[in-house]
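Every chain is numbered from 1 and lettered A, B, ... according to where its sequence line falls, protein lines coming before strand lines.
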4 protein chains.
Amino acid sequence: MSNSEWINDLINDHDAPTMSDKQRKILEAAIDTFSEKGFAASSTSEIAKKAGVAEGTIFRHFKTKKELLLAIVTPTVAKFVAPFFIKSFAKEVFESEYEHYEDFIRVIAKNRLEFVRKQFPVLKIFIQEIAFHDELREPFQKLFTEHVYQKFKKIIEHFQEKGEIVSLPPETIMRMTASSIIGYILPRFLLFSDKEWNDEKEIDQIVSFIMYGLTGKR
Amino acid sequence: MSNSEWINDLINDHDAPTMSDKQRKILEAAIDTFSEKGFAASSTSEIAKKAGVAEGTIFRHFKTKKELLLAIVTPTVAKFVAPFFIKSFAKEVFESEYEHYEDFIRVIAKNRLEFVRKQFPVLKIFIQEIAFHDELREPFQKLFTEHVYQKFKKIIEHFQEKGEIVSLPPETIMRMTASSIIGYILPRFLLFSDKEWNDEKEIDQIVSFIMYGLTGKR
Amino acid sequence: MSNSEWINDLINDHDAPTMSDKQRKILEAAIDTFSEKGFAASSTSEIAKKAGVAEGTIFRHFKTKKELLLAIVTPTVAKFVAPFFIKSFAKEVFESEYEHYEDFIRVIAKNRLEFVRKQFPVLKIFIQEIAFHDELREPFQKLFTEHVYQKFKKIIEHFQEKGEIVSLPPETIMRMTASSIIGYILPRFLLFSDKEWNDEKEIDQIVSFIMYGLTGKR
Amino acid sequence: MSNSEWINDLINDHDAPTMSDKQRKILEAAIDTFSEKGFAASSTSEIAKKAGVAEGTIFRHFKTKKELLLAIVTPTVAKFVAPFFIKSFAKEVFESEYEHYEDFIRVIAKNRLEFVRKQFPVLKIFIQEIAFHDELREPFQKLFTEHVYQKFKKIIEHFQEKGEIVSLPPETIMRMTASSIIGYILPRFLLFSDKEWNDEKEIDQIVSFIMYGLTGKR
DNA sequence: GATGAATGAGCATTCATTCAT
DNA sequence: CATGAATGAATGCTCATTCAT
């Protein structure tokens, strides 16, 4: 199985097979509403109206409003970090065609951008609410530190040993890499989603920036 | 007037001279509460209690809850972008000791970090709420596009002409610069504020990253 | 047929032969719940869960929640007063071995205590709810005034004619007799059901009290 | 100070001086409603309507519906047992004109009957709800066992030593005394409050019954 | 007959805001 | 200027009951 395959696999929506029609409608309406007004400013009555169900129906499927939030956010966040979750992730990277750090982050970036494009409303909710709900922050922090961070770290160390990238602490490398990519994605979808974007080209530029900075000496 | 002077000038709290004791207490309590729970999830009665005033007193000073939000956020945001607001800003940069883009962003970064340290709760509120309130977003967008962006653009073009930085669109350069810095500041205060940070050194690393990337070929 | 026989007959559970398994489980669960939390504070969904049936099943067997209450309370109350209901009741008493009022109330007391022991939860529900439901109070009042009261009255008059008890109005005699007995039974089950009780002895004391008061001059 | 004086003193409504007009109206409406339909079946909106206030006003004065219940019931129950609460209670009894147990319970009975007449709705609520609320039962049990029971016990022992009443356990004597009186009061107000009652005469009969039973040998 | 999803009225409680004092 | 009682709409959630399967 080639890299592109297993990555794509994780992205596809193979979940929610047990979800009823109403349940899906409620989730959609809730995503809409939370995303637009924020969790605390959204009322369950509005969500019910938008979903075309009675208010009581929401609470038959989700015990509380907060549980509805978690039902929206958890699977998407899980899928977002899923590629890093795979056991063989780091190994695959080393043995793969990704000869350079550059290639690696380019693939990750393009692939995760695709995911963000599809799931932006949910990710927006996540970003907004993670600051206020322990039930959201704690599992995510665990997920991140125990899996994403560990795997990413090994990969960085691998390329540092190859002498390809500087010897800063891996978390610093990670932060720089991540914030450069996120610094594109966030405004792209949050502030200027109506603008036309050539994502392919932008990502190439960002990757280039990550590797060589702004001086252009490459 | 040297650069350091006018910058410091803008930071100092020369405002709020007309504010009564109660008013200040209300603002402090509101910052606390909004920052901790978010605007929508904070109740005016809780703020009143925390401020040690009667519920009605808040509405004597701020017509609505939203006006209270604006009263908190507006002056701080204004001060945050103030350096770019000054007419002579760009000119000063060109003629100043900042021979290199590197020096320029280093000063900006350190200086704005200082500001963020002091004002983080307010800026957190701003970041959280800008997505939901037109009254917040519109003036800020105007401020940004008409002043900050324009000035920053000129500066970038200046250094591009000097051949110091690559010929990407100025907004791309800006985004890369900004997100590298913000990508340090945000986690630093939002997620790991209890950790000990050597900000001076971190910023030097970030500036170096912005200029030369991760390859270390410099 | 001796007295003890017909009395025992009425107590035995010869009813509910047409009741399905589910129906019985629902009734049991409802008795549990109503008794513990009161009728109004009990929810049908909780009862359904406790009974191990679907929410809808309750309403297949009992049109409304109130009908469920009546189905619980009515047969038990009927059985409680049943001894007084029997046509030959008074006559049997006169011709029976009960030479004295004392013997009569002793048998009734012991016998009804036995019944209360078995059915306390249901009787508790009855006592709690009779004040609030006309559907409960009216048939009971009718039952009581037309049967229990009439029969009891004749018995009291019988013993008054024999000069065995004072010539107060029969209802006063009845009230004194009843409240002395009930004044034992109620706290015994309601407040101190965990304490060990020697019911036999207690009833003897109560009967003695009813007959001779507290002076002990007998 | 004669006995009748200190007893009357305790009965009079010297409380609630700090209660606002609205607060009193809410309490009255709540007593009405709770008494008529029971606590759980009463809605705060109905109480608000009956009291002529907004629903929110109820919750400004009483944090929860249950607190409203306690605010109604606690002071009345306290006043009901107040006579037994007084330090000198037992001593006064011994040295007083109450030469006989009979006189003592006659005064108590008449006096408490008067109280019940005025406060019946509240006492009805208490009786109904004590079974379901620990917050109600626990303080009352404490009050009763630590004060009422102790004092009453001493008085009973006093008259037992005088050879005036039988040597049953004091709590049995108490139960018999109390249930005879309560057995009059409860039906009198609960079931037949519309009937005309000669309370004076009835109580004399009850006291006589308590002392001498139904045989009339006195 | 039994289920349990669906309903929408109703619930206790909270809210931002007003206004008489 | 400050208060805090009063408001009534709105909130998240529960309820008894219905009905298609």
Side-chain angles (χ1 to χ4, degrees), chain A residues 20-23 25-26 39-49 51-68, chain B residues 20-23 25-26 39-49 51-68, chain C residues 20-23 25-26 39-49 51-68, chain D residues 20-23 25-26 39-49 51-68:
Chain A
S20 81
D21 184 48
K22 300 242 166 191
Q23 215 169 136
K25 271 184 185 166
I26 291 167
F39 173 74
S42 302
S43 81
T44 50
S45 96
E46 187 189 350
I47 293 167
K49 214 171 289 165
V53 303
E55 205 168 347
T57 306
I58 290 179
F59 292 94
R60 173 159 295 276
H61 292 287
F62 309 94
K63 272 199 289 283
T64 62
K65 193 187 167 194
K66 190 169 257 177
E67 199 176 86
L68 176 57
Chain B
S20 80
D21 183 49
K22 301 238 165 196
Q23 219 169 131
K25 271 184 182 163
I26 290 168
F39 173 74
S42 301
S43 80
T44 50
S45 93
E46 187 189 350
I47 293 167
K49 208 175 292 165
V53 303
E55 287 186 55
T57 307
I58 290 179
F59 292 90
R60 180 154 299 280
H61 292 286
F62 310 94
K63 270 202 291 281
T64 64
K65 193 187 167 194
K66 189 167 259 177
E67 198 175 88
L68 176 57
Chain C
S20 80
D21 183 49
K22 302 240 165 193
Q23 218 168 134
K25 271 184 181 163
I26 290 167
F39 173 75
S42 301
S43 82
T44 50
S45 93
E46 187 188 349
I47 293 167
K49 208 175 294 166
V53 303
E55 288 184 55
T57 307
I58 290 179
F59 292 92
R60 179 154 301 278
H61 292 286
F62 310 94
K63 270 202 290 283
T64 63
K65 191 186 167 193
K66 189 168 259 176
E67 200 176 86
L68 176 57
Chain D
S20 81
D21 184 48
K22 301 243 164 189
Q23 214 168 137
K25 270 184 183 165
I26 291 168
F39 173 75
S42 302
S43 82
T44 50
S45 95
E46 187 188 349
I47 293 167
K49 214 171 289 167
V53 303
E55 208 169 345
T57 307
I58 291 179
F59 292 93
R60 173 159 295 275
H61 293 287
F62 309 94
K63 271 198 289 284
T64 62
K65 194 186 166 193
K66 189 168 259 175
E67 198 176 88
L68 176 57

Respond yes when some side-chain nitrogen or oxygen of C:S43 is under 4.0 Å from OP1 or OP2 of F:dT14, and no when none is. no

Starting at NZ of C:K49 and ending at P of E:dT3, how long is that distance when rounded to a whole Å? 15 Å

Round to a whole Å and report the spacing from CZ of C:F62 to C1' of F:dT18. 18 Å

F:dG4 C1' sits how many Å from B:E46 CD, rounded? 18 Å

Both C:T64 and D:A54 contact DNA chain F. Taking the nearest nucleotide for each, which residue is further toward the 5' end? D:A54

Quick check: on DNA chain E, is the nucleotide nearest D:T44 upstream (toward 5') of the one nearest A:E55, or the reverse? Name the residue that is more 5'. A:E55

Whole Å only: how far is the CD1 atom of A:I47 from the P atom of F:dT11? 11 Å

What is the separation between atom NZ on C:K65 and atom C1' on F:dT14, rounded to the nearest whole Å? 11 Å

Does B:K49 have more than 12 heavy atoms from other residues, nucleotides or ligands lying within 6.0 Å of its NZ? no

Expressed in angstrom and rounded to an integer, what is the separation of C:I58 atom CD1 from F:dA16 atom C1'? 10 Å

When you check the phosphate oxygens OP1 and OP2 of F:dT7, does a side-chain N or O of D:K22 lie under 4.0 Å from one of them? yes

note: C:I26, atom CD1; E:dG4, atom C1'; distance rounded to Å ~ 14 Å

Compare the minimum distances between each of E:dT7, F:dA6, E:dG4 and the side chain of D:R60, then state the nucleotide with the smallest one. F:dA6

Look up atom CD in A:E46 and atom CD in A:E55, then write down how far apart they are to the nearest 0.5 Å. 11.0 Å

Nearest-0.5 Å distance, CZ of residue B:F59 to OG1 of residue B:T44: 4.0 Å

Got more than 12 heavy atoms from elsewhere within 6.0 Å of NZ, C:K63? no

Can you tell me how far C1' of E:dC15 sits from NZ of B:K66, to the nearest Å? 16 Å

Applying the 3.5 Å cut-off to both distances, the Watson-Crick or G-U partner of F:dA20 turns out to be E:dT3

Between CD1 of C:I58 and OG1 of C:T64, what distance do you get to the nearest 0.5 Å? 11.5 Å

Using OP1 and OP2 only, check whether a side-chain N or O of B:H61 sits under 4.0 Å from F:dA2. yes

Relative to the 5' end of DNA chain E, which residue comes earlier, B:K63 or A:T57, by the nucleotide with the nearest heavy atom? A:T57

Reading DNA chain F from 5' onward, which residue's closest nucleotide shows up sooner: A:F59 or D:V53? D:V53

